[in-house]
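Report on one structure; see the data block that follows.
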Amino acid sequence: MDPDAVKSTLSNLAFGNVLAAAARDYKKEVLANEKAQSSNPVNEEVDLDELMDDPELEKLHADRIAALKREVEKREAFKRQGHGEYREVTEGDFLGEVTRSEKVICHFYHKEFYRCKIMDKHLKTLAPRHVDTKFIRVDAENSPFFVTKLAIKTLPCVLLFSKGIAVDRLVGFQDLGTKDDFTTTKLENVLIKKGMLSKKKKEEDDEDAEYQESIRRSVRSSENLDSDSD
């Protein structure tokens with residue numbers, strides 16, 4: 001046999017063994033990586049299970065549900081007092097309405113005055129947004145006693161009551177830029193500065209209804225869970 005041929009054959013065999021060993025090592029590494037990746041979800045599931053059994057998290061959840069229930073109960077109590085909507089009241093009911101709630105915004109209006117209709121529009125928008133304040137309106141033409149008693153000379157006139165006492169008022173649009181095209185947000189900010197409204201945590205108007213509905217769903221869900229456990 002040709003010595004050169006034998007040498008070449010041995011060299012090829014050695015190179016082949018090196019490649020085979022490298023291939024085996026590569027395969028081992030790939031398998032190890034796949035095994036590690038496949039084990040991660042299992043570990044995550046174990047961690048989640050541990051979290052679900054965490055007494056501190058359970059307490060936080062229970063506290064949150066209790067807070068939501070209190071919020072709903074508070075809102076319902078306000079609604080029973082006539083909050084949450086913009087209502088018309090008569091002269092005979094006026095005193096009872098302004099003394100039964102801590103904060104009351106009362107618009108004395110005339111049905112023929114255009115600016116009174118503008119004010120009505122904005123107050124009607126604000127009423128369901130600020131349930132902790134009562135919003136009412138009184139026909140000035142049919143309430144001569146209180147118009148005189150409260151020295152109302154210009155309409156629209158929005159009286160601000162705190163614990164049954166008239167503490168401030170908006171006469172015409174003087175606090176609103178004197179123009180008819182002021183926004184609801186402008187009026188809202190004026191009333192916030194005067195202490196009649198609470199500053200909203202959510203500035204987007206359309207988020208408030210969704211937020212309240214989420215509270216109701218959470219409370220209903222909790223009540224269902226309580227009844228199931230019984």
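Side chains are part of it too, since the values below use all heavy atoms of this structure and drop only hydrogens, waters and symmetry mates. Keep in mind that what you see is a predicted model, and the values were worked out from it rather than measured.
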With rounding to the nearest 0.5 angstrom, report the [atom1] to [atom2] distance, [X] to [Y].
{"X": "D120", "Y": "T125", "atom1": "CG", "atom2": "OG1", "answer": "10.5 Å"}
{"X": "T185", "Y": "L126", "atom1": "OG1", "atom2": "CG", "answer": "8.0 Å"}
{"X": "E188", "Y": "H122", "atom1": "CD", "atom2": "NE2", "answer": "11.5 Å"}
{"X": "L95", "Y": "K149", "atom1": "CG", "atom2": "NZ", "answer": "10.5 Å"}
{"X": "M119", "Y": "L187", "atom1": "CE", "atom2": "CG", "answer": "5.5 Å"}
{"X": "T184", "Y": "K121", "atom1": "OG1", "atom2": "NZ", "answer": "6.0 Å"}

Closest heavy-atom pair and its distance - D132, S198: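 Heavy atoms only, the tightest pair is OD2-OG, 2.9 Å.
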Shortest non-hydrogen contact from A140 toward L155: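 Closest approach of A140 to L155: CB-CD1, 3.9 Å.
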Verdict with reasoning, I152 to L159, per side-chain contact (heavy atoms from CB on, under 4.5 Å): CA-CA 9 Å; I152 297 172; L159 293 178; 4.0 Å; yes
Verdict with reasoning, E112 to E141, per side-chain contact (heavy atoms from CB on, under 4.5 Å): CA-CA 10 Å; E112 300 297 335; E141 193 175 20; over 6 Å; no
Starting from [Y], can I reach [X] by hopping between I/L/V/M/F/W/Y residues whose side chains sit under 4.5 Å apart?
{"X": "Y109", "Y": "V89", "answer": "no"}
{"X": "V190", "Y": "V158", "answer": "yes"}
{"X": "V171", "Y": "V167", "answer": "no"}
{"X": "V147", "Y": "F161", "answer": "yes"}

Identified side chain to side chain contact (heavy atoms under 4.5 Å, CB included) counterpart of F135 within the set H130, H83, H107, E85: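 Option passing the side chain to side chain contact (heavy atoms under 4.5 Å, CB included) with F135: H130.
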Residue from V104, L191, I105 passing side chain to side chain contact (heavy atoms under 4.5 Å, CB included) with T133: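 One option only clears the test, and that one is I105.
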Aromatic plane relationship, F173 with F182 - under 30° parallel, 30 to 60° tilted, over 60° perpendicular: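 Correct class here is perpendicular.
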Ring geometry between H110 and F113 (parallel below 30°, tilted from 30 to 60°, perpendicular above 60°):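 Rings of F113 and H110: parallel, under 30°.
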Qualifying side-chain hydrogen bond (donor to acceptor under 3.5 Å, both in side chains) pairs with a residue from residues 160-170, counting only residues at least two apart or across chains: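 Only D168-K194 qualify under side-chain hydrogen bond (donor to acceptor under 3.5 Å, both in side chains).
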Backbone N/O of F145 and side chain of E91: donor-acceptor pair under 3.5 Å: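 Yes; at least one donor-acceptor contact below 3.5 Å.
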Salt bridge present between D139 and K111 (N-O < 4.0 angstrom):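 Looking at K111 together with D139, the answer is no, because their closest N to O distance does not fall below 4.0 Å.
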By ring-ring contact (aromatic ring centres under 6.0 Å, His included) - contacts of F108 (at least two apart):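 F94.
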